[in-house]
Amino acid sequence: MNRTYLKLTLDLDFILIAITAPLKDYVLCHKINTRLNTQFEKIDDHEIFFNIDEPAWCFSKYYFFVEQGEVEYYLISNRSSDGLLIPEMGNVDFFIIIKEFIDKEDLNYLINGLNKLPDIQVAAKIDPTKLKSKENLVI
């Protein structure tokens, strides 16, 4: 009997920015919206199922869409009452996921603007393919 194997690959075609900021998610979202003229809005939580028999872990998630270029931005908390979304990045509080193309100028403007906020300790682009728990970031 022939066997067929299904090989799954993750769609990691996005830009990932890690943010360290000891703030509540809604406070950070407000500060980013005010400073960078964005319009992040709260949407349903990002749910991750670690075990089939246990309830999902929920991480707060915010969304912003730019019609010109159809760029999607997600602001996701790395922390919940259950644990960390990306355990190997324990010093990171939030992630911004940018789907679709964004040019280097706009990306640098975003990262520089985030780093100029007094409550943000650091905001940096990281490579999602190098993370051990990268599957948790798939939206």
Side-chain angles (χ1 to χ4, degrees):
M1 173 184 260
N2 291 335
R3 291 186 182 185
T4 303
Y5 293 96
L6 179 63
K7 184 177 181 181
L8 297 175
T9 57
L10 295 175
D11 180 17
L12 298 175
D13 188 23
F14 56 81
I15 294 172
L16 183 64
I17 299 173
I19 299 173
T20 302
L23 298 171
K24 297 280 187 188
D25 55 350
Y26 58 88
V27 174
L28 176 66
C29 189
H30 175 73
K31 289 180 183 265
I32 291 172
N33 284 344
T34 305
R35 174 72 178 208
L36 299 177
N37 200 23
T38 57
Q39 296 172 352
F40 278 101
E41 294 180 357
K42 179 82 168 112
I43 59 173
D44 291 338
D45 288 345
H46 185 64
E47 294 182 343
I48 300 294
F49 292 90
F50 288 101
N51 293 316
I52 296 172
D53 301 337
E54 296 177 9
W57 291 14
C58 297
F59 300 87
S60 64
K61 182 168 63 172
Y62 294 80
Y63 179 74
F64 170 55
F65 181 73
V66 178
E67 287 186 31
Q68 181 183 0
E70 297 184 359
V71 182
E72 295 178 302
Y73 296 82
Y74 295 91
L75 175 67
I76 301 175
S77 177
N78 190 35
R79 303 180 189 286
S80 77
S81 58
D82 298 310
L84 296 173
L85 179 65
I86 306 295
E88 63 269 25
M89 301 285 293
N91 57 338
V92 172
D93 297 306
F94 300 94
F95 293 103
I96 291 182
I97 295 174
I98 305 170
K99 291 191 159 203
E100 295 305 322
F101 177 77
I102 180 173
D103 63 24
K104 287 186 179 183
E105 249 180 53
D106 291 340
L107 180 61
N108 288 336
Y109 172 80
L110 176 64
I111 293 173
N112 289 336
L114 290 169
N115 281 315
K116 287 180 182 174
L117 285 169
D119 296 310
I120 292 181
Q121 295 169 352
V122 68
K125 179 182 172 187
I126 59 174
D127 184 1
T129 60
K130 295 185 179 178
L131 296 174
K132 195 165 93 176
S133 307
K134 57 187 163 264
E135 65 275 358
N136 295 347
L137 293 172
V138 176
I139 296 177

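All values derive from a computational prediction rather than experimental measurement.
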Inset, instruction - List the atom of Ala56, the atom of Asp82, and the distance in Å for their closest heavy-atom pair. - result: O-OD2, 4.3 Å
Legend entry - Main-chain N/O of Asn136 paired with His46 side-chain donor or acceptor, under 3.5 Å: yes
Inset, instruction - Taking only Lys NZ, Arg NE, NH1 and NH2, and the carboxylate oxygens of Asp or Glu, determine whether Asp45 and Lys42 approach each other closer than 4.0 Å. - result: yes
Legend entry - Intermediate values then yes/no, side-chain hydrogen bond (donor to acceptor under 3.5 Å, both in side chains), Thr20 and Asp93: CA-CA 5 Å; Thr20 302; Asp93 297 306; 5.0 Å; no
Legend entry - For Lys99 against Tyr74, the heavy-atom pair lying closest together: CD-CE1, 4.1 Å
Inset, instruction - Kindly work out whether a path of hydrophobic side-chain contacts (I/L/V/M/F/W/Y, heavy atoms less than 4.5 Å apart) joins Ile126 to Leu84. - result: no
Inset, instruction - May I ask you to say whether Asp119 pairs ionically with Lys31, meaning some side-chain N is under 4.0 Å from a carboxylate O? - result: yes
Legend entry - Spatial distance of atom CG (Leu110) from atom CD1 (Ile102) [nearest 0.5 Å]: 6.0 Å
Legend entry - Tyr26 OH: over 12 foreign heavy atoms closer than 6.0 Å: no
Legend entry - Same cluster (ILVMFWY, side-chain, under 4.5 Å), Ile15 and Val122: no
Inset, instruction - Any chance you could measure Gln121, atom CD, to Asn91, atom CG, to the nearest 0.5 Å? - result: 9.5 Å
Legend entry - Euclidean distance, Ser60 OG relative to Arg79 CZ, rounded to 0.5 Å: 12.0 Å
Inset, instruction - Supply the atom-to-atom distance Asn78 CG to Ser133 OG, rounded to the nearest 0.5 angstrom. - result: 9.5 Å
Legend entry - Shortest non-hydrogen contact from Leu28 toward Phe94: CD2-CD1, 3.3 Å
Legend entry - side chain to side chain contact (heavy atoms under 4.5 Å, CB included) between Phe64 and Thr38, intermediate numbers included: CA-CA 7 Å; Phe64 170 55; Thr38 57; 3.8 Å; yes
Inset, instruction - Would you sort out whether Val71 and Phe65 count as a side chain to side chain contact (heavy atoms under 4.5 Å, CB included), showing the intermediate values? - result: CA-CA 6 Å; Val71 182; Phe65 181 73; over 6 Å; no
Legend entry - Test log, rule side chain to side chain contact (heavy atoms under 4.5 Å, CB included), inputs Phe95 and Leu16: CA-CA 7 Å; Phe95 293 103; Leu16 183 64; 3.8 Å; yes
Inset, instruction - Hey, could you give me the CD/OG distance between Glu47 and Ser80, rounded to the nearest 0.5 Å? - result: 11.0 Å
Inset, instruction - Determine the minimum heavy-atom distance between Lys125 and Ile111, stating which atoms define it. - result: CB-CD1, 4.0 Å
Inset, instruction - To the nearest 0.5 angstrom, please state how far the CE atom of Met89 sits from the CG atom of Leu137. - result: 9.5 Å
Inset, instruction - State, with a plain yes or no, whether a side-chain heavy atom of Ile97 is found less than 4.5 Å away from one of Leu75. - result: no
Inset, instruction - Could you verify whether a donor N or O on one side chain and an acceptor N or O on the other, from Ser77 and Asp25, lie under 3.5 Å apart? - result: no
Inset, instruction - Identify the two heavy atoms, one from Phe49 and one from Glu54, that lie closest to each other, and give their separation to 0.1 Å. - result: CD2-O, 4.2 Å
Legend entry - Between Phe40 and Tyr62, ring centroids under 6.0 Å: no
Inset, instruction - Please check if Tyr73 and Phe101 belong to a single hydrophobic cluster, counting links between Ile, Leu, Val, Met, Phe, Trp and Tyr side chain heavy atoms closer than 4.5 Å. - result: no
Legend entry - Exceeds 12 heavy-atom contacts within 6.0 angstrom, atom CD of Glu41: no
Inset, instruction - Side-chain contact test, heavy atoms from C-beta onward, threshold under 4.5 Å: evaluate it for Val92 versus Ile86 and give yes or no. - result: no
Inset, instruction - Side-chain contact test, heavy atoms from C-beta onward, threshold under 4.5 Å: evaluate it for Ile48 versus Phe59 and give yes or no. - result: yes
Inset, instruction - Report, as yes or no, whether the 6.0 Å neighbourhood of atom CG on Asn37 holds more than 12 heavy atoms from other residues, nucleotides or ligands. - result: no
Inset, instruction - Please report the closest heavy-atom contact between Lys61 and Asp44, naming both atoms and the distance. - result: CE-O, 3.2 Å
Legend entry - Intermediate values then yes/no, side chain to side chain contact (heavy atoms under 4.5 Å, CB included), Ile17 and Ile19: CA-CA 6 Å; Ile17 299 173; Ile19 299 173; 4.3 Å; yes
